[in-house]
Enquirer: 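Quick one: this structure, given as structure tokens, is what I'll be asking you about.
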Amino acid sequence: MFQEAINQYLTTRHHPHIHLKAVLFDMDGVLFDSMKNHATAWHEAMRQYGMHMTREEAYMHEGRTGASTINIVSQRERGCEATEEEIRQIYETKSQLFNSLPVALPMPGALEVLKKIQQDGLIPMVVTGSGQHSLLDKLNHAYPGIFKQKLMVTAFDVKYGKPNPEPYLMALKKANIQANEAIVIENAPLGVRAGVAAGIFTIAVNTGPLPDQVLLDEGADYLFPSMAAFNENWEELHTLFK
């Protein structure tokens with residue numbers, strides 16, 4: 001089943017093979033079970049500023065920069081983009097609300113597969129739209145010795161967030177590798193779209209409430225129902241990428 005997906009990728013992306021060197025992970029909903037908190041924080045922050053955004057909508061916007069998310073809702077609710085000051089205030093409120101919620105735990109299966117990836121001599125990288133200043137500390141606490149700061153892509157590294165391919169293209173640049181030397185692990189529709197647009201084999205892990213088809217429709221090359229399932233199938237998958 002994996003081989004069929006890989007063959008389809010090689011045909012449609014016009015690569016002769018995949019020679020895996022790095023695995024590019026989204027953070028929220030992939031490494032941390034944090035999307036429920038983000039959805040609640042976005043919903044409440046928008047309410048405080050007189051706008052409506054459902055928790056379900058937050059999952060659809062996952063991966064965008066905060067400014068992009070705010071402007072999409074502002075355009076819909078008010079017919080105009082938010083000012084820079086409004087963006088700063090709304091995102092600060094959202095961040096405060098997020099930080100007031102119970103700390104999100106590492107996603108089950110994530111540490112196990114990261115250790116396998118590292119033992120296999122591959123580079124694990126984080127590619128996130130997050131702008132949290134405490135990101136590296138959070139990652140190092142949950143996943144000690146796994147990630148390096150110089151091989152992370154955050155909101156501070158890019159002009160355009162997901163679904164633009166820039167974050168994943170930046171990851172390739174930082175790792176000095178080509179698209180057929182990496183795979184993307186994503187849980188969000190926009191993240192899947194970004195990985196596919198960057199020309200990288202993209203695996204969706206459906207850790208949220210969205211139907212599988214939403215992720216497949218964005219072009220995911222393969223889908224797992226959880227990070228635990230991805231971990232359980234890693235050895236078989238890796239042999240096909242050698």
Enquirer: Using 0.5 Å steps for rounding, measure from the NE2 atom of His238 to the CD1 atom of Ile183.
Expert: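 Reported value, rounded in 0.5 Å steps: 8.5 Å.
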Enquirer: For the atom pair NZ (Lys94) and OH (Tyr49), what is the distance rounded to the nearest 0.5 Å?
Expert: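 Between atom NZ of Lys94 and atom OH of Tyr49 there are 13.5 Å.
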Enquirer: Just do the side chain to side chain contact (heavy atoms under 4.5 Å, CB included) check on Met27 and Thr154 with the steps written out, would you?
Expert: CA-CA 10 Å; Met27 187 178 72; Thr154 73; over 6 Å; no
Enquirer: Are Phe147 and Val153 in one and the same hydrophobic cluster, where Ile, Leu, Val, Met, Phe, Trp and Tyr link if side-chain heavy atoms are under 4.5 Å apart?
Expert: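 Each belongs to a different hydrophobic cluster.
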Enquirer: Give, for atom CG of Asn164 and atom CG of Leu169, the distance between the pair rounded to the nearest 0.5 Å.
Expert: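 That separation rounds to 8.0 Å.
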Enquirer: I need the single residue from Glu218, Glu62, Glu186 that forms a salt bridge (charged side-chain N to carboxylate O under 4.0 Å, His left out) with Lys162. Which is it?
Expert: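 Exactly one candidate clears the test, Glu186.
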Enquirer: Between Leu139 and Phe32, is any pair of side-chain heavy atoms under 4.5 Å apart?
Expert: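 Yes, close enough: below the 4.5 Å cut-off.
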Enquirer: I'd like a table of donor-acceptor pairs (distance under 3.5 Å, sequence neighbours excluded) in which one partner is a side-chain atom from residues 208-217, with atom names and distances.
Expert:
| residue | atom | partner | partner atom | Å |
| --- | --- | --- | --- | --- |
| Asp212 | OD1 | Asn206 | ND2 | 2.7 |
| Gln213 | NE2 | Asp217 | OD1 | 2.7 |

Enquirer: Which heavy atom of Gly29 sits nearest to which heavy atom of Ser34, and what is that distance?
Expert: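 Scanning both residues, the minimum pair turns out to be N-OG, 3.8 Å.
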Enquirer: Is the closest side-chain heavy-atom distance between Ile203 and Leu237 below 4.5 Å?
Expert: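 With C-beta onward as the side chain, the pair touches.
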Enquirer: Can you list everything that forms a salt bridge (charged side-chain N to carboxylate O under 4.0 Å, His left out) with Lys115? Sequence neighbours excluded, please.
Expert: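 If we apply the salt bridge (charged side-chain N to carboxylate O under 4.0 Å, His left out) test to Lys115, skipping adjacent residues, there are no hits.
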Enquirer: So which pairs with a foot in residues 171-230 pass ring pair (Phe, Tyr, Trp, His ring centres under 6.0 Å), sequence neighbours left out?
Expert: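 Ring pair (Phe, Tyr, Trp, His ring centres under 6.0 Å) check on residues 171-230 returns Phe2-Tyr222, Phe2-Phe224, Tyr9-Phe201, Phe201-Phe241, Tyr222-Phe224, Phe224-Phe230, Phe230-Trp234.
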Enquirer: Quick check: does any side chain N or O of Thr207 sit under 3.5 Å from a backbone N or O of Val30, one acting as donor and the other as acceptor?
Expert: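 No; zero donor-acceptor contacts below 3.5 Å.
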Enquirer: Please check if the side chain of Asp157 supplies one atom and the backbone of Pro167 the other of a donor-acceptor pair under 3.5 Å.
Expert: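 Pair absent, no side-chain N/O of Asp157 close to backbone of Pro167.
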Enquirer: Flag yes if Leu190 and Val196 sit in one hydrophobic cluster, no otherwise; membership is Ile, Leu, Val, Met, Phe, Trp, Tyr, and two members link when side-chain heavy atoms are under 4.5 Å apart.
Expert: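 Different clusters.
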Enquirer: Verify, without hydrogens or angle tests, whether Thr239 (side chain) and Glu236 (backbone) share a donor-acceptor contact under 3.5 angstrom.
Expert: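 Yes; judged by distance alone, with no hydrogens or angles, the pair exists.
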Enquirer: Please evaluate residues Gln118 and Tyr143 with respect to the criterion side-chain hydrogen bond (donor to acceptor under 3.5 Å, both in side chains), reporting the C-alpha separation (whole Å), side-chain torsions for both, the decisive distance (0.1 Å), and the verdict.
Expert: CA-CA 12 Å; Gln118 199 171 45; Tyr143 304 106; over 6 Å; no
Enquirer: After noting the C-alpha distance and the side-chain angles of Leu10 and Ile18, does the key distance pass the side chain to side chain contact (heavy atoms under 4.5 Å, CB included) rule?
Expert: CA-CA 8 Å; Leu10 295 175; Ile18 297 176; 3.8 Å; yes
Enquirer: Looking at Glu77 and Met51, would you say the former's side chain and the latter's main chain have a donor-acceptor pair under 3.5 Å?
Expert: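 Absent.
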Enquirer: Can you name the residues that form a salt bridge (charged side-chain N to carboxylate O under 4.0 Å, His left out) with Glu85, not counting sequence neighbours?
Expert: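 Per chain and number, Glu85 pairs via salt bridge (charged side-chain N to carboxylate O under 4.0 Å, His left out) with Arg88.
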Enquirer: Would you call Glu235-Lys116 a salt bridge at under 4.0 Å N-O?
Expert: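 Salt bridge present between Glu235 and Lys116.
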Enquirer: Kindly say whether Ser95 contributes a backbone atom to a donor-acceptor pair with the side chain of Asn99 at under 3.5 angstrom?
Expert: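 Such a contact is found between Asn99 side chain and Ser95 backbone.
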Enquirer: Do Ile123 and Leu24 land in one hydrophobic cluster if side-chain heavy atoms of ILVMFWY residues count as linked below 4.5 Å?
Expert: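 Result: yes, single cluster for both.
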Enquirer: With side chains defined as the heavy atoms from C-beta onward, is the minimum distance between Asn187 and Met107 less than 4.5 Å?
Expert: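 No, every pair of side-chain atoms sits at 4.5 Å or beyond.
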Enquirer: Between Ala142 and Pro106, what is the shortest heavy-atom contact and its length?
Expert: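 Reported closest heavy-atom pair: CB-CG, 3.9 Å.
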Enquirer: With a 4.5 Å cut-off on side-chain heavy atoms, are Met46 and His52 touching?
Expert: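 Side-chain contact under 4.5 Å: no.
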Enquirer: Could you tell me which non-hydrogen atom of Glu81 sits nearest to which non-hydrogen atom of Gln75, and how far apart they are?
Expert: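 Glu81 and Gln75 have their closest heavy atoms at CG-NE2, 3.2 Å.
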Enquirer: Search all heavy atoms of Arg76 against all heavy atoms of Glu57 and return the closest pair with its distance.
Expert: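 For Arg76 versus Glu57, the nearest heavy atoms are NH1-OE2, 2.7 Å.
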Enquirer: Is there a side-chain hydrogen bond (donor to acceptor under 3.5 Å, both in side chains) between Gln3 and Asn7? Walk through the geometry before answering.
Expert: CA-CA 6 Å; Gln3 188 64 65; Asn7 290 342; 3.0 Å; yes
Enquirer: Salt bridge between Asp221 and Arg13, side-chain N to carboxylate O under 4.0 Å?
Expert: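 Salt bridge present between Asp221 and Arg13.
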Enquirer: Side chain to side chain donor-acceptor pair (under 3.5 Å) with Arg78: which residues, sequence neighbours excluded?
Expert: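 With neighbours one apart ignored, the set is Ser74, Glu86.
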Enquirer: Does any non-hydrogen side-chain atom of Leu20 lie less than 4.5 Å from one of Leu122?
Expert: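 Answer yes - side chains close enough.
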Enquirer: Between Glu56 and Met60, is a side chain to side chain contact (heavy atoms under 4.5 Å, CB included) present by the stated rule, with each step listed?
Expert: CA-CA 7 Å; Glu56 291 74 18; Met60 297 300 296; over 6 Å; no
Enquirer: Going from NZ on Lys138 to CG on Asn140, what distance comes out if it is rounded to the nearest 0.5 angstrom?
Expert: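 So the NZ of Lys138 and the CG of Asn140 are separated by 12.5 Å.
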Enquirer: Within a radius of less than 6.0 Å around NE2 of His17, do more than 12 heavy atoms belonging to other residues, nucleotides or ligands occur?
Expert: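 Yes, NE2 of His17 has more than 12 neighbouring heavy atoms, counting only those of other groups under 6.0 Å.
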Enquirer: Taking all heavy atoms of Ala198 and all of Tyr168, pick out the closest pair and write down the distance.
Expert: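 Taking every non-hydrogen atom into account, CB-CB, 3.9 Å.
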Enquirer: Taking everything shown except Gln149 itself, do over 12 heavy atoms lie less than 6.0 Å from its CD?
Expert: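 Atom CD in Gln149 is not packed in, count stays at 12 or less.
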Enquirer: Verify, without hydrogens or angle tests, whether Glu181 (side chain) and Gln178 (backbone) share a donor-acceptor contact under 3.5 angstrom.
Expert: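 Yes, the answer is positive, given that a donor and an acceptor are paired below the 3.5 Å cut-off.
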Enquirer: Just grab all the salt bridge (Lys or Arg N to Asp or Glu O under 4.0 Å) pairs involving residues 37-47, residues at least two apart or on different chains.
Expert: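 Every salt bridge (Lys or Arg N to Asp or Glu O under 4.0 Å) pair that includes a residue of residues 37-47, provided the two are not neighbours, is Glu44-Arg47.
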Enquirer: For residues Ile200 and Leu172, determine if any side-chain heavy atom of one lies less than 4.5 Å from a side-chain heavy atom of the other.
Expert: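 Yes, side chains in contact.
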Enquirer: Treat each ILVMFWY residue as a node, draw an edge where side-chain heavy atoms are under 4.5 Å apart, and state whether Ile117 and Leu111 are in one component.
Expert: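 Cluster IDs for Ile117 and Leu111 match.
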Enquirer: Would you check if Asn71 and Ile87 make a side-chain contact, meaning some heavy-atom pair closer than 4.5 Å?
Expert: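 Answer yes - side chains close enough.
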Enquirer: Indicate if Val23 and Val205 have the same hydrophobic cluster label, given that clusters are the connected sets of ILVMFWY residues with side-chain heavy-atom separations under 4.5 angstrom.
Expert: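 Yes, one cluster joins them.
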Enquirer: Calculate, to the nearest 0.5 Å, the distance between atoms CZ and OG1 belonging to Phe25 and Thr128 respectively.
Expert: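 Spacing of CZ (Phe25) from OG1 (Thr128) equals 13.5 Å.
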Enquirer: Could you tell me which non-hydrogen atom of Leu151 sits nearest to which non-hydrogen atom of Met125, and how far apart they are?
Expert: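 Reported closest heavy-atom pair: O-CE, 3.2 Å.
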Enquirer: Can a donor-acceptor pair be found, under 3.5 Å and without considering hydrogens, that links the side chain of Asp28 to the backbone of Met35?
Expert: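 Checking the backbone N and O of Met35 against the side chain of Asp28, no donor-acceptor pair under 3.5 Å is found.
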Enquirer: Find out whether Leu114 and Leu31 are in side-chain contact, i.e. whether some heavy atom of one side chain is under 4.5 Å from a heavy atom of the other.
Expert: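 Side chain of Leu114 against side chain of Leu31, heavy atoms only: contact under 4.5 Å found.
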